[in-house]
S.K.: 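Sharing a structure here in structure tokens format.
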Amino acid sequence: MASKPRYYVSTAISYPNGPPHIGHAYELIATDAIARFMRLDGYDVFFLTGTDEHGQKIQQTAAREGISARDLVARNVPRFQAMAKRLDCSNDDFIRTTEPRHHRSSQAIWERMARNGDIYLGKYAGWYSVRDEAYYAQSETKVGPNGVRQGPTGTPVEWVEEESYFFRLSAYQQKLLDLYASDPQYILPKERHNEVTSFVRGGLQDLSISRTTFDWGVPVPGDPRHVMYVWVDALTNYITAVGFPDDDSATFRRYWPADLHVIGKDILRFHAVYWQAFLMSAGIEVPRRVFSHGFLFNRGEKMSKSVGNVIDPFALADAYGVDPLRFFFLREVPFGQDGNYSHEAIVNRINADLANDLGNLAQRSLSMIARQFAGVLPPAGALSEADRAILAAADAMLDAAREAMRTQQLHAVLNTIWAVVAQANRYFAGEAPWALAKTDPARQGTVLNTTCEILRQVAILAQPFIPSSAARLLDLLGVSAEERYFTWLGAGRRVAAGRALPPPAPIFPRYVDAETTPVR
RNA sequence: GGCGGGGUAGCUCAGUUGGUUAGAGCAGCGGAAUCAUAAUCCGGAGGUCGGGGGUUCAAAUCCCUCCCCCGCUACCA
């Protein structure tokens, strides 16, 4: 046990200038499935999520609402924490960048980068829109008909120069390229790897990493007029949580470097370029992989307040159930690509795969055992070719699932499992145990035993995705808590005949439309 | 503008070292069964493989060209 390999996986930290939305939920669910999978597969997992609470937008939102930034995050962050609980996520920590441990950590990494000669004081210059409170690149501005230069929103911009600390990102181009070249799967999916590589190959400019125009952030060591900016503080959360700056601590030595950062494709550059450069500069190992997932669209439309299709994850969980929701996202959308959701798609998927294919198979076999075998799991007699074939398919699942999980192909894991579920339904129909009840009860017992064995393996492997439903199914199959790890999968273990099973009950109810639906 | 990815059944997609009647899931249609959450099983149907041209005995697959979509990135005097 002491030699358990470790696995450190994180989500991005969410920006709590509003309530959590479906994008936050998706990333958390997917990462949770990965964390649970690795735990069940024998890893000592550290799963981190949290909130990125600094920055100008938080400060502005708070000002608009007439409260302090601190009060704004104090109000919003609990909503994110509640969402993690509601979605049955198993994060081991929830980091907030406003915590003292994180300020200490951010200042420490800054000092290390400075000591390495990579931070210098310069001037940040650009076109600034007072009205938008934002800088725009030259290319985003144009000279209007009245001769006044204006930004993309049409507001006037003026040339402003502000003192700023810079990070010598330009010095890290080759080191980054070497890193990407050293592992073609450093950034997944592969398209993203190529994008990042070509971006870095195109040359890197030094990065402005401090601001003086607002103060809601981590103060720059030795120059409190500045606060850290552009992700220095946010990215550092990943090492804070495992004990940085105490890099001799047991947790840091145990868990860093992280095995996997799961992020959205919109923040890939920060996580695959800047973060590694910061760490290299500070003399800290870089994370081992960055996986960039896609976005979810409501019927192909981006979620936005103006379109009015912002979906509340809590409402979704209430409407469909947590496990069906988790299942839908991870089964329907190839992980790494964009995906679509709609009420019809969700209902179709959960009814077909969960209620009909898996739930109904469990119900029909278990109720037969309850009625005709007094609730005692019958033993398997001599196995037929059909029995052997379906058992072999089930036994092969673990290897295929691990292979898919090596590159975070969550949908492929589910595909593997549900292919066996489909085969099990064909097997069950082909063997027709209800007919065997009259002609050959022993053979009927064998078929039911075999079916339960398939269900057992399916349920064990489905736990990362639908944890509480899988647990209920395993309860119904008489599988004890300690028998639910992946070491119990495969031909070496079989469902325990002779065990008295609890009375069966449906696990996945069919979704039937009510008057109101949370998603169009 | 540059680089990259893609356009295959109603929907989502698989299928490229070129080779027999182009596949899957879902939807739809027909049938069987009735143990089960009206669930399950079986079967037919459904495609000019973006358009055009070329190479080849043979092209969704290779070459040329055109159209369209998406991502990253640059530039706009």
Side-chain angles (χ1 to χ4, degrees), chain A residues 137-143 149 152 187 189-205 264-269 272-273 292-297 299-300 302 321 324 328 331-342 344-373 386 409 411-412 414-419 421-439 441 443-445 447-448 451-452 455 469 472-473 476 504-512:
Chain A
Q138 173 90 20
S139 59
E140 292 177 291
T141 66
K142 60 179 180 205
V143 178
R149 186 169 283 273
I187 300 159
K190 200 162 152 249
E191 315 83 90
R192 302 296 169 200
H193 188 100
N194 297 337
E195 276 177 19
V196 170
T197 302
S198 88
F199 169 74
V200 173
R201 203 180 288 125
L204 296 172
Q205 305 215 314
K265 62 182 186 180
D266 53 330
I267 53 176
L268 177 58
R269 193 189 297 175
V273 181
S292 152
H293 69 250
F295 294 151
L296 297 180
F297 299 104
R299 295 179 183 276
K302 191 173 177 181
F328 172 80
R331 165 85 155 136
E332 186 89 358
V333 183
F335 197 52
Q337 296 181 211
D338 292 343
N340 277 293
Y341 63 91
S342 65
E344 293 76 43
I346 295 171
V347 169
N348 190 46
R349 194 92 241 182
I350 66 184
N351 279 353
D353 286 357
L354 295 180
N356 297 352
D357 285 353
L358 179 54
N360 184 51
L361 178 63
Q363 183 65 13
R364 65 202 302 209
S365 52
L366 289 171
S367 65
M368 211 175 285
I369 291 171
R371 204 169 333 100
Q372 292 168 22
F373 292 84
Q409 298 300 285
H411 59 289
L414 286 170
N415 206 36
T416 294
I417 301 172
W418 257 261
V421 172
Q423 192 177 336
N425 271 306
R426 287 192 288 275
Y427 165 82
F428 200 83
E431 299 308 307
W434 57 91
L436 290 169
K438 295 154 203 154
T439 58
R443 175 62 197 159
Q444 182 195 20
V447 171
L448 291 173
T451 303
C452 286
L455 290 171
S469 318
R472 265 184 293 144
L473 179 50
L476 294 180
I507 301 155
F508 303 103
R510 283 180 63 77
Y511 183 93
V512 182

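Convention: sequence-line order gives letters A, B, ...; per-chain numbering from 1. Values below: all heavy atoms of this structure, side chains included; hydrogens, waters and symmetry mates excluded.
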S.K.: Strictly distance-based, threshold 3.5 Å: is any side-chain N or O of N351(A) a donor or acceptor partner for the main-chain N or O of Y511(A)?
M.R.: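 Yes, N351(A) side chain to Y511(A) backbone: donor-acceptor pair under 3.5 Å.
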
S.K.: For residues L354(A) and S469(A), determine if any side-chain heavy atom of one lies less than 4.5 Å from a side-chain heavy atom of the other.
M.R.: no

S.K.: Pick the C1' atom in rC68(B) and in rG52(B), then give their distance to the nearest Å.
M.R.: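 The answer is 15 Å between these two C1' atoms.
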
S.K.: What's I507(A) touching, base or sugar-phosphate or nothing? Going by heavy atoms closer than 4.0 Å.
M.R.: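 Base contact - I507(A) has a heavy atom under 4.0 Å of at least one base atom.
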
S.K.: Could you tell me the separation between the CD atom of Q205(A) and the C1' atom of rA74(B), rounded to a whole number of Å?
M.R.: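 Those two atoms, CD and C1', are 12 Å apart.
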
S.K.: Determine the Euclidean distance between corresponding P atoms of rC62(B) and rG5(B); express it in Å to zero decimal places.
M.R.: 12 Å

S.K.: Can you pull out every salt bridge (charged side-chain N to carboxylate O under 4.0 Å, His left out) where at least one residue sits in residues 351-366 of chain A? Sequence neighbours excluded, please.
M.R.: R331(A)-D353(A), R349(A)-D353(A)

S.K.: Between the protein and nucleotides 23-26 of chain B, are there any N/O to N/O pairs under 3.5 Å, and if so, what are the atom names and distances?
M.R.:
{"from": "rC26(B)", "atom 1": "O2'", "to": "N348(A)", "atom 2": "ND2", "distance (Å)": "2.8"}

S.K.: I need a per-nucleotide contact map over nucleotides 3-13 of chain B, read 5' to 3'. Cutoff is protein heavy atoms under 4.0 Å; write B for the base, S for backbone only, - otherwise.
M.R.: -----------

S.K.: Is N340(A) close to E332(A) at the side-chain level, that is, under 4.5 Å between some pair of heavy atoms?
M.R.: no

S.K.: For residues 191-203 of chain A, pull every pair meeting side chain to side chain donor-acceptor pair (under 3.5 Å), keeping only residues two or more places apart or in separate chains.
M.R.: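 Checked against side chain to side chain donor-acceptor pair (under 3.5 Å) - neighbours excluded - the pairs reaching residues 191-203 of chain A are R192(A)-E195(A).
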
S.K.: What distance, rounded to whole Å, do you find between the two P atoms, one in rG2(B) and one in rG18(B)?
M.R.: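 Between the two P atoms, the distance is 30 Å.
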
S.K.: Whole Å only: how far is the CZ atom of F508(A) from the C1' atom of rA38(B)?
M.R.: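 Atom CZ in F508(A) sits about 20 Å away from atom C1' in rA38(B).
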
S.K.: Taking the same atom, P, in rG51(B) and in rC67(B), what whole-Å distance lies between them?
M.R.: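 So the two P atoms sit 15 Å from each other.
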
S.K.: Return the value, rounded to whole Å, for the distance between atom OH of Y511(A) and atom P of rA39(B).
M.R.: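 Interatomic distance, OH of Y511(A) to P of rA39(B): 16 Å.
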
S.K.: Write down the distance separating the C1' atoms in rG23(B) and rG4(B), rounded off to the nearest Å.
M.R.: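 About 28 Å, rounded to a whole number of Å.
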
S.K.: Send over the distance from L204(A) CG to rA74(B) P, rounded to a whole Å.
M.R.: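 Distance check: L204(A) CG to rA74(B) P gives 11 Å.
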
S.K.: Reading nucleotides 29-36 of chain B from the 5' end, what letters show protein touch, with B for base, S for backbone sugar-phosphate only, - for no heavy atom under 4.0 Å?
M.R.: ----SSBB

S.K.: For RNA chain B, whose closest nucleotide is more 5', that of L354(A) or that of N351(A)?
M.R.: L354(A)

S.K.: Partner lookup for rC72(B), please. Criteria are Watson-Crick or G-U wobble with both distances under 3.5 angstrom; report none if nothing qualifies.
M.R.: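 Base-paired to rG2(B).
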
S.K.: Test of understanding: with side chain to side chain contact (heavy atoms under 4.5 Å, CB included), list the residues that count as partners of A432(A), not counting sequence neighbours.
M.R.: W434(A), A435(A)

S.K.: Since syn is defined as within 90° of 0, does rG46(B) count as syn or as anti?
M.R.: anti

S.K.: Taking a pair as Watson-Crick or G-U wobble with both distances under 3.5 Å, which nucleotide is matched to rG25(B)?
M.R.: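 Looking at the geometry, rG25(B) pairs with rC11(B).
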
S.K.: Considering only the P atoms, how many Å lie between rA24(B) and rG43(B), rounded to the nearest integer?
M.R.: 10 Å

S.K.: Taking atom P of rC72(B) as reference, at what distance in whole Å does atom NZ of K190(A) sit?
M.R.: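 From K190(A) NZ to rC72(B) P: 19 Å.
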
S.K.: Which base sits across from rG47(B) as a Watson-Crick or G-U pair, both distances under 3.5 Å?
M.R.: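 Pair assignment: rG47(B) / none.
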
S.K.: What's the CZ-P distance between R472(A) and rU37(B), to the nearest Å?
M.R.: 16 Å

S.K.: P atom, rG31(B) versus rU12(B): distance in rounded Å?
M.R.: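 To the nearest whole Å, 30 Å.
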
S.K.: Mind jotting down which residue pairs meet the salt bridge (charged side-chain N to carboxylate O under 4.0 Å, His left out) criterion with at least one end in residues 425-434 of chain A? Sequence neighbours excluded, please.
M.R.: E431(A)-R443(A)

S.K.: Please report, rounded to the nearest Å, how far the C1' atom of rG2(B) is from the CZ atom of F199(A).
M.R.: 15 Å

S.K.: I'd like to check the side chain to side chain contact (heavy atoms under 4.5 Å, CB included) partners of F199(A); sequence neighbours left out, ordered by chain and number.
M.R.: L204(A), R269(A), V273(A)

S.K.: Quickly work out the N340(A) CG to rC70(B) P distance and round it to whole Å.
M.R.: 14 Å

S.K.: Ring pair (Phe, Tyr, Trp, His ring centres under 6.0 Å) with F335(A): which residues, sequence neighbours excluded?
M.R.: F291(A)

S.K.: Check side chain to side chain contact (heavy atoms under 4.5 Å, CB included) between V333(A) and all other residues, then give those that pass, not counting sequence neighbours.
M.R.: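 Checked V333(A) against side chain to side chain contact (heavy atoms under 4.5 Å, CB included); matches are Y26(A), L296(A).
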
S.K.: Could you work out the separation of rC64(B) and rA27(B) based on their P atoms and round it to a whole Å?
M.R.: 42 Å

S.K.: Could you work out, with side chain to side chain contact (heavy atoms under 4.5 Å, CB included) as the rule, every residue matching A362(A), not counting sequence neighbours?
M.R.: L366(A), L455(A), L473(A), I507(A)

S.K.: With D338(A), which residues qualify under salt bridge (Lys or Arg N to Asp or Glu O under 4.0 Å), at least two apart?
M.R.: K265(A)

S.K.: Should F328(A) and V347(A) count as side-chain neighbours, where that means a heavy-atom distance under 4.5 Å?
M.R.: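 No. Closest side-chain heavy atoms not under 4.5 Å.
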
